[in-house]
Amino acid sequence: MNEYAAFCGYDVNGVDYFDGLRNVMKLILGNWKMNGRHQDVEQFLTQLSDHGAHLTQIGLAFPSPYLALTRAFSRLNCSFGAQSVSVFEHDGAFTGEVSAAMLADLGATWTLIGHSERRQYAKETGEVLVNQARAAYRAGLNVVFCVGEHLAERQSGGHFSCIEAQLSELVAVWAEEMPKEIVIAYEPIWAIGTGLTASLEEVEEMLSFVKRTTRAALKNINKEDACDSIRALYGGSVKKDNASALLKLDGLDGLLVGGASLKFDEFYAICLAR
Ligand code: PGA
């Protein structure tokens, strides 16, 4: 399954059963962060095969050592992703690095780039993110680019300029490498893992800003054709109790779920929310 098929709900034989529904189907991605063990991943995937075989448009980013386990579950209509990739594209003397090509080799079809925890703890900003995104696209991985403001930025009214600056990081990459689908996840930092969610109005307003800004950036680099491929997701304390209200928002194309993706029942309930 290629990365586009995986995102768009093609079946394993490449048949697009969801043609025409694409615009109304929401993408639900789970980010396990640095959690779980071999057994937890296998148990989750077994539960997903037993109960969630009908689900489409879902994706999971387990810690990368466990990506290889997903091979046994390749018939699931679920895509697998990485949480970050190396800036280095080619094999070589880069101790500790894991390349996008290696992750693709293990079955990843997409990767998160720019998650606030990477920006904060691994100090990944600007040039690093650009190089990671370029490496990911070149290895055939789609990129779920994460953007989000700190609470102080939101409170001082600087949230739009903060998101605009983060989005502009990727434009240089798109000028060289155009993915089939542009996926942006808006995750206000103050809502990640805190139990606080942005209000529905705040999410709707920001997703519309993200799409407008991305479209304008694409026009500037003469890539207007890609405007229809933009998907905007929300992440930050998504739970089964707030998923359905979020999924009804105009302009929201899916959810990026952290803590609540660790338990199968909770994640499954989010996938079923309408
Ligand atoms: P959370 O994390 O759902 O635990 O808030 C979201 C994320 O970091 O992607």
Side-chain angles (χ1 to χ4, degrees), residues 7 26-36 40-41 44 57-64 66-67 78-85 103 108-125 129 132-133 136 141-151 153-154 159 162-163 166-167 169-170 182-200 202-203 206-207 210 231-247 249 252-273:
F7 264 131
K26 312 286 182 176
L27 186 61
I28 312 288
L29 301 182
N31 170 17
W32 271 37
K33 311 192 180 189
M34 198 174 78
N35 288 297
D40 304 311
V41 173
F44 190 99
Q57 303 264 63
I58 62 168
L60 289 158
F62 297 119
S64 52
Y66 301 130
L67 264 171
C78 170
S79 67
F80 298 104
Q83 298 175 14
S84 181
V85 301
L103 296 162
T109 56
W110 53 276
T111 182
L112 302 177
I113 299 277
H115 190 283
S116 63
E117 286 150 17
R118 299 298 305 171
R119 292 176 189 261
Q120 182 183 349
Y121 302 127
K123 310 279 177 257
E124 290 174 355
T125 51
L129 300 180
Q132 288 176 330
L141 298 182
N142 205 349
V143 168
V144 177
F145 191 68
C146 305
V147 296
E149 80 283 359
H150 286 280
L151 186 57
E153 287 163 323
R154 163 72 58 179
H159 45 298
C162 162
I163 301 303
Q166 291 175 352
L167 287 173
E169 289 160 353
L170 259 198
I182 291 175
V183 189
I184 310 287
Y186 169 57
E187 300 201 300
I189 295 166
W190 46 274
I192 296 180
T194 57
L196 298 172
T197 24
S199 72
L200 297 176
E202 285 168 338
V203 175
M206 188 54 92
L207 294 184
V210 162
R231 287 210 202 190
L233 317 183
Y234 169 77
S237 296
V238 174
K239 307 265 180 289
K240 67 177 187 313
D241 301 337
N242 57 19
S244 115
L246 286 161
L247 286 165
L249 291 179
L252 181 138
D253 303 306
L255 299 170
L256 177 54
V257 186
S261 70
L262 290 169
K263 293 219 162 56
F264 176 76
D265 291 349
E266 175 92 16
F267 184 67
Y268 186 57
I270 294 171
C271 294
L272 294 183

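Both ligands and their constituent atoms are indexed starting at 1 by order of listing. Residue numbers run from 1 in the order of the sequence given. Below, all heavy atoms of this structure are taken into account, side chains as well, without hydrogens, waters or symmetry copies. Note that the structure is predicted; figures quoted are calculated from it, not measured.
Residues Gln166 and Arg119 form a side-chain contact, since some pair of their non-hydrogen atoms from C-beta on lies under 4.5 Å apart. Considering only heavy atoms from C-beta on, Glu124 comes within 4.5 Å of Ser84 through its side chain.
Each of the atoms 5 (O) of ligand 1 lies under 4.0 Å from some heavy atom of Ala191. Atoms of ligand 1 lying under 4.0 Å from at least one heavy atom of Asn31, given by number and element, are 9 (O). Taking a cut-off of under 4.0 Å to the non-hydrogen atoms of Leu256, the atoms of ligand 1 that pass are 9 (O). Atoms of ligand 1 lying under 4.0 Å from at least one heavy atom of His115, given by number and element, are 7 (C), 8 (O), 9 (O).
In this structure, Gly236 is part of the shell of residues with a heavy atom less than 4.0 angstrom from ligand 1. Not a single heavy atom of Ser116 lies less than 4.0 angstrom from ligand 1.
Under the 3.5 Å distance criterion, the side-chain polar atoms of Lys123 are matched with a main-chain donor or acceptor of Gln120.
The parts of Ile192 lying near ligand 1 are both backbone and side chain, judged by heavy-atom distances below 4.0 Å. At a heavy-atom distance under 4.0 Å, no atom of Cys146 approaches ligand 1.
The nearest protein atom to atom 4 (O) of ligand 1, hydrogens excluded, is given as Gly259 N, 2.9 Å; this is a heavy-atom distance. Atom 9 (O) of ligand 1 has its closest protein heavy atom at Glu187 OE2, 2.6 Å. From the protein, the heavy atom lying nearest to atom 2 (O) of ligand 1 is Lys33 NZ, 3.2 Å.
Of the polar atoms of Thr194, none of the N or O atoms is found under 3.5 Å from an N or O of ligand 1, judged by distance alone. At least one N or O atom of Gly258, backbone or side chain, sits closer than 3.5 Å to an N or O atom of ligand 1. An N or O contact shorter than 3.5 Å links Gly193 to ligand 1 by distance.
Results of the ring pair (Phe, Tyr, Trp, His ring centres under 6.0 Å) test with Trp32 over Tyr66, Phe44, Phe267, Phe80 single out Phe44 as the only residue that passes. If you run side-chain contact (heavy atoms from CB on, under 4.5 Å) between Leu256 and each of Ile192, Leu27, Leu112, Val183, only Leu112 comes through. Across Arg154, His150, Glu153, a single residue satisfies side chain to side chain donor-acceptor pair (under 3.5 Å) together with His159, and that is Arg154.
At a threshold of 4.0 Å, the pair Lys33-Glu117 counts as salt-bridged, since one of the basic side-chain nitrogens sits closer than that to a carboxylate oxygen.
In the candidate list Pro188, Ser237, Gly148, Ser237 is nearest to atom 1 (P) of ligand 1, counting heavy atoms.
Residues Glu187 and His115 bring a donor and an acceptor atom of their side chains to less than 3.5 Å of each other. A donor and an acceptor atom, one from each side chain of Glu202 and Tyr186, are nowhere located under 3.5 Å apart.
Looking at every heavy atom in both residues, Ser237 comes nearest to Gly193 through OG-N, 3.8 Å.
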